[in-house]
Amino acid sequence: MKKAKVLVTGGTGYIGAHTAVELFNAGYEVLLADNFSNSSPDVLDGIEKITGERPLFEEVDCSDYDAFEKLFEKHSDIRAAIHFAAYKAVGESVEKPLMYYKNNLFSLVNLIELMNRQGKSSIVFSSSCTVYGQPAKENLPVSEKAPLQPATSPYGRTKQICEDILKDSAMAYKDKLNVILLRYFNPIGAHPSALIGELPRGVPQNLLPYITQTAAGLRDVLSVYGNDYSTPDGSCIRDYIYVCDLAKAHVAAMERLLDKSGEMKDNIEYFNLGTGTGLSVLELIDLFKKSTGVDVPYRITGRRAGDVEQVWADPARANEVLSWKATTPIEDVLASAWRWEKKLRGIA
Ligand code: UD1
């Protein structure tokens, strides 16, 4: 028998699709919702090929209340939701702030309202380490206790406001709403099968897709945004976490909400999801070559506006409370990203 029916908004997106696979692996009934604004229906085939099961799917814009309500009328047995549906490009959010506020905030408000109407509701929310900004040196690695900093982009602000919306809602609906907020560091890589992975639109903004596209010959040269930071090699440091490890953390969060909510001290909990290790941009380029044998031409350019210098996670709370740990070696992660890029480009 299947476990509970879980709604995954943004379910055909990058992290949503990998999470759908892990939910199936854990025995849940999986319902994906997406409007394909940044993904494609092929993703459903990829999930089916990997798991042997096709997820239930509804094409819907979660920021459209009436349309979203219809989904809930059709699926009155949704027990819990994982909310990914959101725009995520920092630069675009500066140019189109209202589009970001509307999509990212309305979707969440609608979800909470509609879940609450179902009765008891459990929500896992996709947040970001961006809420910490540049932590003070003494706060590295970053635990959940580190102070939050004012956001530097409308995108980052939507994550902070969404966290506030969930906090206020959890307080107001103590008896019916349980929430887990997951703050991701830098998700990378693709499913080992190369059947699902990241699909950046246009020129990639994130580092690893730019690396793999340069390796594949789509881009001439990778720009390294600055080597004059106060880090050992001068380039920025991040905590790169494998998307499949990250997906498993969502299953652990779901199990806590549905089966172990009695263990929750509060009806809202926060977890940092990272490996606990920081890698510089130059180290990542080097590791990519070691893992794949492919050299990526790069040049040092000026700093990118809004970049934080260094941030990596202290995942101890997630390790302990969720019994979850990011375990995949970085070499395997980078190889998975390269396998996916080669598959996309038809490279042998
Ligand atoms: C940021 C946010 C993250 C958010 C994401 C959304 C932080 C710490 N992280 O990720 O929460 O979800 O945006 O897109 O605020 N780089 C290059 N050349 C490139 C691309 C990137 O050198 O062509 C460097 C960047 O300067 C950075 C690192 O690579 O140091 C990672 O960049 P990226 O992949 O864009 O992620 P973040 O900016 O860390």
Side-chain angles (χ1 to χ4, degrees), residues 10 13-16 38 84 86-95 100 104 125-135 139-142 146 148-160 162-163 181-189 198-215 218-243 246 272-275 278-288 296-313 333-334 337:
Y14 174 43
I15 307 173
N38 193 23
F84 293 106
Y87 294 142
K88 61 172 185 181
V90 175
E92 184 184 54
S93 79
V94 176
E95 281 158 32
Y100 271 68
N104 294 8
F125 179 68
S126 162
S127 190
S128 164
C129 71
T130 197
V131 298
Y132 298 114
Q134 175 60 66
N139 287 329
L140 286 172
V142 190
L148 304 189
Q149 312 246 16
T152 53
S153 71
Y155 158 76
R157 218 157 357 258
T158 65
K159 289 293 173 197
Q160 292 190 333
C162 283
E163 286 204 357
L181 287 103
L182 301 178
R183 293 174 177 154
Y184 315 149
F185 283 65
N186 289 57
I188 59 167
E198 196 170 2
L199 277 171
R201 290 233 162 123
V203 181
Q205 305 298 312
N206 294 110
L207 180 59
L208 193 58
Y210 209 105
I211 289 180
T212 55
Q213 287 200 6
T214 308
L218 267 81
R219 316 272 159 211
D220 291 338
V221 58
L222 166 75
S223 297
V224 172
Y225 298 137
N227 68 348
D228 56 353
Y229 284 98
S230 167
T231 59
D233 66 19
S235 64
C236 292
I237 293 175
R238 297 286 185 274
D239 186 334
Y240 296 95
I241 173 166
Y242 185 37
V243 67
L246 188 65
N272 287 350
L273 299 182
T275 64
L279 287 173
S280 75
V281 176
L282 293 172
E283 282 174 324
L284 199 77
I285 297 170
D286 202 40
L287 281 164
F288 185 80
V296 176
Y298 71 88
R299 63 163 183 238
I300 310 291
T301 62
R303 293 180 175 195
R304 180 171 71 175
D307 263 341
V308 305
E309 179 176 275
Q310 45 187 321
V311 63
W312 68 97
V333 179
L334 295 172

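Atoms within a ligand are numbered from 1 in the order they appear, just like the ligands themselves.
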Inset, instruction - Applying side chain to side chain donor-acceptor pair (under 3.5 Å), name anything that partners S126, two or more places apart in sequence or on another chain. - result: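 Residues passing side chain to side chain donor-acceptor pair (under 3.5 Å) with S126: Y184.
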Is it the side chain (CB and beyond), the backbone, both or neither of [X] that lies under 4.0 Å from ligand 1, heavy atoms counted?
X    : result
Y184 : neither
D307 : side chain
N186 : side chain
S235 : neither
Y240 : side chain
K88  : backbone

Legend entry - Contacts of type side-chain contact (heavy atoms from CB on, under 4.5 Å), residue Q205, not counting sequence neighbours: none
Legend entry - The one among E92, Q205, K159 that brings a heavy atom closest to atom 20 (C) of ligand 1: Q205
Legend entry - Under 4.0 Å to a heavy atom of V308 - the qualifying atoms of ligand 1, by number: 8 (C)
Inset, instruction - For ligand 1, find out whether one of its N or O atoms is nearer than 3.5 Å to an N or O atom of V311. - result: no
Inset, instruction - Using side chain to side chain donor-acceptor pair (under 3.5 Å) as the criterion, point out the one residue from Q160, K159, E163 that pairs with S127. - result: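 One option only clears the test, and that one is E163.
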Inset, instruction - Say whether Q310 and T231, considering side chains only, have a donor N or O and an acceptor N or O under 3.5 Å apart. - result: no
Inset, instruction - Kindly indicate whether atom 6 (C) of ligand 1 is approached by any protein heavy atom to under 4.0 angstrom. - result: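 Yes.
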Inset, instruction - State if Y155 counts as touching ligand 1 under the rule of any non-hydrogen atom under 4.0 Å. - result: yes
Legend entry - Donor-acceptor under 3.5 Å (E92 side chain, Y100 main chain):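 It does not hold such a pair.
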